[in-house]
Structure formats: structure tokens, C-alpha cells
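Reviewing the structure listed below.
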Amino acid sequence: MPFTLATWNINSVRLRADLVGRLLREEAPDVLCLQECKSPVDKIPAEVFAALGYPHMVARGQKGYNGVAILSRLPLEDAGHRDMCGKGDARHVAARLETGVTIHNFYVPAGGDEPDRTVNEKFGHKLDFLTEMRDWFRDGRPEKSILVGDLNIAPREDDVWSHKDLLKVVSHTPIEVDHLGQVQEAGAWVDVTRADFPDGKLYSWWSYRARDWDAADRGRRLDHVWASADIAAAGHGSRILRAARGWDKPSDHVPVFATFDL
DNA sequence: ATGGTTGGAACCCAA
């Protein structure tokens, strides 16, 4: 039975509960993975989502920062989380569907402004987080698994508005792209979005700081949907809901969708 | 080269 999944960095699930509701009503994904909930789990407005037909939630949270949640119409089993870099951050959670498919929801550190770990420890944290992800998937190659989230890296030249202008900008530097590539390779993950759209510019994030995000269109593809090699062929129908960037009081990220015939 | 906006928590930090 096919199911549709979406991933969205919501930038405060409490402030934007109504936008989450709009997405659930208008697009009705079976599973919605959220990042940057910025809320303890017990303060996520789960009852609002339950009333819209999404009674299942697996989440990790903390006050003010980070936070990841998986909302679902389908029953979910909590499949744990990994505390990358041992900081106690709520940046990963996993859930399992009754079909045995495991969904990993990640929020990779943004990495600060300076792409040099000797002067910017946040950049070092980002690289270490990615290295730990790589080692984890190398030690136990994932099967029947989907990995989604705000990975805070736009790996390809056509994942950014200007490859040349962003080579030294955190999110598109060669060392980050290399680290993300090693994560993908270690787990034999297939980029479902790019399997569906092999060519051309794709963005899922536009800065709040632009005067006119739509006209300038200086976007980056930071949000990703990957599938383990064994189920990658079941993934199709990718979509990026650019229109959500124009909603009232929007997140700076938009939802990315894929459907899986599993 | 610079500064631009947003959210949360507490009057600044992270993005």
C-alpha cells in the first residue's frame, strides 16, 4: 500500500501549528516529519494534529532549540534516537511503521557562519555530527529505511542558486559536501528527490533576510528524502511545496514530499 | 563588503 511522506523544518511547531494543520488538510501526507520544533515534547500541540487525523506521534524535544517529531495517520512504533556528539540535543528520532519500514528524522546542525572548525566550534560540531552518522550507518547498513530531514547541506551545484558564490558559505562548502557524501555512501542511501528530478535547480529553503525571496530566488536544497538501496525503487512522486514559503508567517523551509509503494 | 529577518528566552543566541 503506497504511503506519502513529507519532511518540513517548521521553525517552531507551536507558533506554526496552524501551518502544520494547513499542510495536513491540504496535502494529507500519511507521515509528516518536522524539524526545529523548538518545544519540549509535552508542549507540542499533538491534540490539534490528532483531531486532523494524525493521532500518532514520535518525538524528541528540548526547550527553545532543535526538536524533531514524526506525525502519522498510520500507527508508529518509537524506534529510538541517537544522541550524536553526546550533547543531549534533540536532533534525531526514528519510528517504525507496521510494514517494518524505519523512518529516520534528522536535524543536522547548521554550523554557524565561518566554515573553519579552528575558529568556529559550531562548524566542527556539524562535521563531527556527520562523521558519527557515517560511522553509524557503516556499522549497520540500513534496510527498509527512509532518512529525511533538514540536513543543512545543499550538496549539488544545482542545489544552490549560485555554486560559485556559495563555495565558501556554510551549507555548500566542499568539506561539508564531502562529509554528507560519506554518510550517503556508508548507508548506500539513494537521494529519492534527485532520482525523480535528476536535472535542474531544486530549492527547499529561502532566507528570511531577502527583501523578496520569490523574485530573488536565492534558494538552497537543504531538506532531503533518502531511501535505503533495497527500497529505493519504491520511491517516486517527489514534490517540493514552494508555495508554502509564501504562506502567512512562513517557515524559511518548505515541505518536501515523496511517495513509497511499500 | 555588508546587512538583511525570524524565534525563543530572557534582554542575546541560534539560524
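Throughout, a chain's letter reflects where its sequence line sits, starting with A, and its residues are numbered from 1.
For Arg16(A) and dT5(B), the CZ to C1' distance is 11 Å, given to the nearest whole Å. Rounded to whole Å, the distance from CZ on Arg218(A) to C1' on dG4(B) is 12 Å. Between Arg220(A) atom CZ and dA15(B) atom P there is a gap of 14 Å when expressed in whole angstrom units. Distance Lys38(A) NZ to dG7(B) C1': 4 Å, rounded to the nearest Å. Between the P atom of dT6(B) and the CG atom of Asn9(A) lies a distance of 16 Å, rounded to the nearest Å. We find that OH of Tyr208(A) is positioned 21 Å from P of dC13(B), with the value rounded to whole Å. One interatomic measurement links the two molecules: CG of Asp223(A) to C1' of dA15(B), which rounds to 13 Å at whole-angstrom precision.
Across residues 82-90 of chain A, not one residue has a non-hydrogen atom less than 4.0 Å from an atom of DNA chain B.
A side chain to side chain contact (heavy atoms under 4.5 Å, CB included) with Trp226(A) holds for exactly one of Val190(A), Leu151(A), Ile146(A), Thr193(A); it is Leu151(A). When each of Lys38(A), Arg91(A), Arg60(A) is tested with Asn66(A) by the rule side-chain hydrogen bond (donor to acceptor under 3.5 Å, both in side chains), just one qualifies, namely Arg91(A). Of the candidates Arg220(A), Arg194(A), Lys201(A), His224(A), Arg194(A) is the only one forming a side-chain hydrogen bond (donor to acceptor under 3.5 Å, both in side chains) with Asp159(A).
A sub-4.0 Å separation between OP1 or OP2 of dG8(B) and a side-chain N or O of Arg14(A) is absent. Under 4.0 angstrom from either OP1 or OP2 of dG8(B) there lies no side-chain N or O belonging to Lys63(A).
Look at the C1' atom in both dG4(B) and dA9(B): the space between them is 23 Å, to the nearest Å.
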Return one dot-bracket line describing DNA chain B 5' to 3' (Watson-Crick or G-U wobble pairs, both distances under 3.5 Å; ( ) same strand, [ ] crossing, | another strand, . none).
....((((...))))
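Contacts of Arg91(A) with the nucleic acid, taken as non-hydrogen atoms under 4.0 Å apart, involve only primed sugar atoms and P, OP1 or OP2.
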